[in-house]
Number of protein chains: 2
Amino acid sequence: MKLTKAEWQIMNALWEKHPATARQVMEQLPAGVHWAYTTIKTMLTRLVEKEAVSEAKQGNTSVYDPLVSQRKARLSAFRSLVDQAFDGAMGPLVHFLAEEEPLTPKQKKELAALLQDETTRKGESK
Amino acid sequence: MKLTKAEWQIMNALWEKHPATARQVMEQLPAGVHWAYTTIKTMLTRLVEKEAVSEAKQGNTSVYDPLVSQRKARLSAFRSLVDQAFDGAMGPLVHFLAEEEPLTPKQKKELAALLQDETTRKGESK
DNA sequence: AGGCGCATTCTACAGATGTAGTAGAATACT
DNA sequence: AGTATTCTACTACATCTGTAGAATGCGCCT
């Protein structure tokens, strides 16, 4: 499930608040994004075709709901990035995260803590 | 500097071995990718226009070199992903890496170690 | 009944992308 | 020199993306 940039914006809005009508999606878009109403409709239609969202008629109006979870979409996008820009392996990415500066020292520490935590506290439920 | 999927493949080949002629780039492509020679040329031309690679004539033949570093391209791609799929913040990404399963436990431990290391060993040269 | 406002579906259209064929120039082989 | 090989520069073309206008339909108010 590959989403384009514009589609991500729509999906982000939908994940944040749903079900939602096209009008509501429009309002949910980040400030600064001023698409015509029909642009949103077009996007939503395409997303429906892609089966990324569902459409249900409420009388004359369509109400949309995400069909793919944010989690799934993120996983997929993440995978794509790794495949395409990091030799498809986590190794280079891990290295990148540690060495380059996408993370502030603080965030690195935080991530380290979370990971530590996660791998330490092993053997519980779910 | 936004690279498309196909462009990444070309750049990956170039970063691996450069300078290189179109023919050499072709050979450097991952097994399974069988583009026509002219396809590669087209890509290279577009990359030159984008100023992502340089082109120098050696007699009748062009030799290409990356103009943008892999590091920079990675940073940019990474940033895009975060902006578009993770609310533009590292927080959600960090959470994602810790909670979801893009990383094997082993890799998590590894990353944790690297980060720990990096943040601990603070205050050295370079 | 006529009109206002909002929703819907269609159609459009330029620029980006993936992929490559053609024709002519340069080079190399015999 | 004649022919085979290899480059390069152009052109092509189907899709996909981003953006949206136009025409048309439905409910409701006066």
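Note that these values count all heavy atoms, side chains included, but never hydrogens, waters or copies made by symmetry. So you know, we letter chains A, B, ... as the sequences are listed, proteins then strands, and number each from 1.
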Rest of the hydrophobic cluster containing A:Leu67 (Ile/Leu/Val/Met/Phe/Trp/Tyr, side-chain heavy atoms under 4.5 Å)?
-> none
Given a cutoff of under 4.5 Å between side-chain heavy atoms of I, L, V, M, F, W and Y, with clusters grown through shared members, what are the other residues clustered with B:Val63?
-> none
Sorted by chain and number, sequence neighbours left out, side chain to side chain donor-acceptor pair (under 3.5 Å) with A:Asp87 holds for B:Arg74
Could you tell me whether the side chain of [Y] reaches within less than 4.5 Å of the side chain of [X], counting heavy atoms only?
| X | Y | result |
| --- | --- | --- |
| B:Ser76 | B:Lys2 | no |
| B:Leu97 | A:Leu97 | yes |
| B:Gln84 | A:Leu3 | no |

Pairs in or reaching into residues 23-38 of chain B: which pass salt bridge (Lys or Arg N to Asp or Glu O under 4.0 Å), with residues at least two apart or in two chains?
-> none
Taking only residues at least two apart or on different chains, which pairs with a member in residues 34-50 of chain A satisfy salt bridge (Lys or Arg N to Asp or Glu O under 4.0 Å)?
-> A:Glu7-A:Lys50
Enter the distance from A:Phe96:CZ to B:Phe78:CZ here, rounded to the nearest 0.5 Å.
-> 5.5 Å
So, with a heavy-atom separation below 4.0 Å from DNA chain C, the residues of residues 40-51 of chain B are B:Thr42, B:Met43, B:Arg46
May I ask you to list the residues of residues 2-28 of chain A, by number, that have any heavy atom positioned under 4.0 Å from an atom of DNA chain C?
-> A:Arg23
Which parts of residues 29-39 of chain B get close to DNA chain D, meaning a heavy atom less than 4.0 angstrom away?
-> B:Tyr37, B:Thr38
B:Lys17: what forms a side chain to side chain contact (heavy atoms under 4.5 Å, CB included) with it, not counting sequence neighbours?
-> B:Gln24, B:Gln28
Tell me, please, the opening and closing nucleotides of DNA chain C, 5' to 3', among those with an atom under 4.0 angstrom from a non-hydrogen atom of chain A.
-> C:dA7 to C:dT9
Tell me the ring pair (Phe, Tyr, Trp, His ring centres under 6.0 Å) pairs involving residues 12-71 of chain B, sequence neighbours left out?
-> B:Trp8-B:Trp15
Please identify each residue that fulfils salt bridge (Lys or Arg N to Asp or Glu O under 4.0 Å) with A:Asp65, with sequence neighbours left out.
-> none
